[in-house]
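Have a look at the structure below before the remarks.
Excluded from the calculations below are hydrogen atoms, water molecules and symmetry mates; all remaining heavy atoms, backbone and side chain alike, are included.
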Amino acid sequence: MVNIRMKRFLAKCSNLLTEIVAPNKSSVAFLICLLALTLVYRIQLTMDLFTNKVKPFDFNPTHPPVWFTLASLPYDLALVFVCFLLSWLLSRMTSSIRQSKTSETLRTLGLVSLHIIIMILILIHGIHGRLLFNVQTGFDTSVIKEAFSGVSFFETLKLIEIRDYLFLLFPFGLFWLVLLSPGTFRIWVGRASMVWVILLVSFSLLVTQGKAKNVPDEIRLNPTLFLLSDVAGNVFSHPAQDRKPDISKGDRPGGPLVRSGETRAKEAEKVLPAKRTRPWNIVFLIMESVGTRYIFDTSNGNPMPMPFLHRISREGWFLKKHYTTSNVSTKAVFSLLSGYYDFFNRETFGTRPDTKVPSIYGWLGEGYDSFLVTPSSISWYFPTNFVKNSGFSDINSYENLKFKIKEEFHSLGHYITRDETQTVDFFIQRLSQAREPFLGIYISFTAHFPYFDYGEDYRIMKDDGRLISRYYNNLYLLDRMIKRIHDHLLERGLLERTILVVIGDHGQAFGQHHPNNFMHYRYSYNENLETPAIFYQPGLFKPKTLGFPTSHVDILPTLLDAMRVSYPPVVLDGESLFNNKSKRRPIFFYGHEESISSLDSHLIKVQYSFKKKRCWVFDLKRDPDEKSPLDCSLYPHQVDGLHRFVSDHDSNLLKYNATVREKNGVSGSQARVAKRGN
């Protein structure tokens, strides 16, 4: 009797599956296509997690591959089931329409729509997988915004390899194979696929409970579900009581803000070095992704990553609490070379074709032999228009350097950077050919993800697969390169006539505060913002450690004061470090995750998130690790100061730029007068 009932039950289930599958050819083909797509993605991701040296967020699965795959399958299969169900319902609605022309048109539109959906899902899965290993992030709304905010389409095409095209074509081929197959075969495949979906979901739920615990959402969730959850979080996550006025709009009462620099005395108290009859040479060494907390760290029993930098930090001015102006390179480098904050929004001022504000080159004058060298591609991270429009013409980057490309199993790295050691060779050669006075700028790449391995000679830590180990090895490589440049200047007798500025563009994170806080641009904690800065020239900068907060915008006015180049203090956003430190103003930051922050001399750090519509404060004296956020209502003056500066800054920068443009590309000295008159 039991066997008979079981046979009847199975027969009913089989008939039900046949009724679902038989009349819906395109829906069945869609089901098979999505099932194959998600399984290939999940299996490939698992294989990469177990075999690649570089892993997303340093995540190492603790369970065997099969178990780990099964633990995440419910999210993938849920997407497959929902998509199939919607397709089936639409197919049934279409088939109920009797008019032949209308029915045929709807079927055609349905097929086209399914192909569009398949393409979208393929792209989401493919991009998400590449981003996890190449950029330490998933495919979310911030990535979409970034893609539409200045990344070249042709540069993006360089990411696509032959295997990617195969990945794109495979689901479409499978779709048409099933669609054009005989009816009996299609029904059999459809029924088998639905049974497999049910069995896989049941099995994974039964045997893998708790296996997905502590797995980052970017890895655990299906890429489409991850993207949709991020979109939903942006739209629906802010209850009405948490909403506060958008402080970037200037919607608080009060008159227009005067630039904060204009409220103080024209000339602050300062003691400047003696004026020199001959102009100084300048060498800027901008260290990509170098965080202050790592450069001298020996806490794990490892050798010091940057011993030479440690030496010159004790022989010059070491800015111990130095901060970037933004956790992305484009804005940070703009501030370093201009003395201005970039826009306090996603747009980058330095990449605008109409950018004409003067750079350091404009302040020094056209008598300087100026050149810039970097192994990386300036089309991705660099304020190219600002630099070119301000007078730089000798720019040597990935695009025109002919050295070997650093090879490693990392798709972005195959085209984003040249070999660091060879590029330093080129920079040293250019220094040898330079006509004095010269301004040489070198921007490194080696400390940027994916932290390429340059061999045993540049390893101070074992290559154990951890990102921090690879990073420390590359800091050591960078330290050796800086020493080579320093020693070359010394050997050529140039060092005594040269100011050396060694500085990072922003910090770097390795999972502090959040499991996905890797690299630098996802949060604005101190690990993302702190970066070292050193002024080295024994004749100008006597050994000193500056323990108060300083910013990228302070570098240019300090350099101009050291060289005795005259400028009105009200012109630049930053202030000279020769000034009286007790009168220093707050410094400001823009976070790529859509936040703004300020830090005052009392180490009160105020932050406001445009994305979350929330404000919080860290007291860095009592809470240096930023573990206990405080209510902004306790610090009304600091919050109001952040509001006033940000609401005024972008429009002031645009007005100043327009004034410079009207004067038809004025020189640095003329630009000073132009801005002072604003």
Side-chain angles (χ1 to χ4, degrees), residues 260 268 285-287 289-297 299 304-306 309-310 312-327 331-332 335-336 339 341 475 501-509 512-513 520 523-536 541-559 561-562 573-591 595-607 617-628 630 635 638 641-642 645:
S260 54
L285 302 179
I286 302 176
M287 305 180 294
S289 302
V290 173
T292 306
R293 63 185 60 196
Y294 311 111
I295 55 176
F296 307 144
D297 177 40
S299 60
M304 181 180 290
M306 304 192 78
L309 197 67
H310 184 257
I312 63 172
S313 73
R314 294 179 296 171
E315 297 174 358
W317 281 16
F318 176 42
L319 282 52
K320 190 175 182 179
K321 291 188 181 297
H322 188 75
Y323 290 83
T324 181
T325 51
S326 177
N327 56 8
K331 291 177 178 288
S335 295
L336 274 177
Y341 293 103
L475 289 182
V501 182
V502 187
I503 193 165
D505 61 344
H506 48 65
Q508 195 77 332
Q512 298 97 332
H513 290 96
H520 47 85
Y523 301 93
S524 289
Y525 292 104
N526 280 357
E527 59 265 22
N528 305 81
L529 301 172
E530 289 177 333
T531 192
I534 297 169
F535 289 98
Y536 180 83
F541 301 99
K542 302 303 180 185
K544 181 167 63 172
T545 297
L546 284 67
F548 53 86
T550 56
S551 170
H552 279 357
V553 293
D554 301 329
I555 299 301
L556 181 58
T558 303
L559 195 56
D561 267 352
D573 283 333
E575 54 185 316
S576 170
L577 299 180
F578 287 98
N579 291 355
N580 187 331
K581 68 177 183 180
S582 66
K583 297 182 179 180
R584 287 189 58 79
R585 296 167 285 162
I587 59 177
F588 301 91
F589 327 97
Y590 174 76
S595 74
I596 54 175
S597 310
S598 69
L599 178 65
D600 65 17
S601 57
H602 301 292
L603 299 184
I604 299 299
K605 182 179 179 182
V606 178
Q607 298 189 280
V617 176
F618 291 110
D619 183 345
L620 298 183
K621 280 186 179 178
R622 300 181 179 181
D623 181 26
D625 295 326
E626 299 174 289
K627 299 292 187 183
S628 305
L630 304 173
Y635 301 91
Q638 289 89 338
L642 174 62
F645 185 86

Apply side-chain contact (heavy atoms from CB on, under 4.5 Å) to the pair Phe296 and Leu475, showing each step before the final yes or no. CA-CA 10 Å; Phe296 307 144; Leu475 289 182; over 6 Å; no
Run the side-chain contact (heavy atoms from CB on, under 4.5 Å) check on Glu626 and Glu527 step by step: do they pass? CA-CA 10 Å; Glu626 299 174 289; Glu527 59 265 22; 4.3 Å; yes
[Y] backbone acceptor or donor facing [X] side chain under 3.5 Å:
X: Asn327; Y: Leu529; answer: no
X: Trp317; Y: Lys542; answer: yes
X: Thr292; Y: Thr531; answer: yes
X: Tyr523; Y: Ala509; answer: no
X: Asp625; Y: Lys627; answer: no
X: Gln638; Y: Ile604; answer: no

So, taking the atom named [atom1] in [X] and the one named [atom2] in [Y], what distance separates them when rounded to the nearest 0.5 Å?
X: His552; Y: Ile286; atom1: NE2; atom2: CD1; result: 8.0 Å
X: Tyr294; Y: Glu530; atom1: OH; atom2: CD; result: 9.0 Å
X: Asn528; Y: Phe589; atom1: CG; atom2: CZ; result: 11.5 Å
X: Leu577; Y: Thr558; atom1: CG; atom2: OG1; result: 3.5 Å

Please report the shortest heavy-atom distance between [X] and [Y], naming the atom on each side.
X: Ala332; Y: Thr324; value: CB-OG1, 3.3 Å
X: Ser524; Y: Gly591; value: OG-CA, 3.4 Å
X: Leu556; Y: Leu336; value: CB-O, 4.5 Å
X: Arg293; Y: Asp297; value: O-CB, 3.7 Å

Any idea how Phe541 and Phe535 line up, ring-wise: parallel (<30°), tilted (30 to 60°), or perpendicular (>60°)?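 Plane angle under 30°, so parallel.
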Are the side chains of [X] and [Y] in touch, meaning some heavy atoms are under 4.5 Å apart?
X: His310; Y: Ile295; value: no
X: Leu642; Y: Phe588; value: yes
X: Phe645; Y: Pro586; value: no
X: Lys544; Y: Phe318; value: no
X: Leu599; Y: Lys321; value: no
X: His506; Y: Ser289; value: yes
X: Asn526; Y: Phe618; value: no
X: Arg622; Y: Ser628; value: no

Tell me, please, which residues at least two apart from Ser326 pass side chain to side chain contact (heavy atoms under 4.5 Å, CB included).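 If we apply the side chain to side chain contact (heavy atoms under 4.5 Å, CB included) test to Ser326, skipping adjacent residues, the hits are Val328, Lys331, Tyr590.
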Going by side chain to side chain contact (heavy atoms under 4.5 Å, CB included), name the residues that satisfy it together with Ser551, two or more places apart in sequence or in a different chain.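 With sequence neighbours excluded, Ser551 shows a side chain to side chain contact (heavy atoms under 4.5 Å, CB included) to Thr325, Tyr341, Val553, Asp554, Ile587, given in chain and number order.
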Carefully, step by step, assess Asp623 and Leu630 under the rule side-chain contact (heavy atoms from CB on, under 4.5 Å). CA-CA 10 Å; Asp623 181 26; Leu630 304 173; over 6 Å; no
Check: His322/Thr550 side-chain N/O donor and acceptor closer than 3.5 Å: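 The criterion, which ignores hydrogens and geometry beyond distance, is satisfied for Thr550 and His322.
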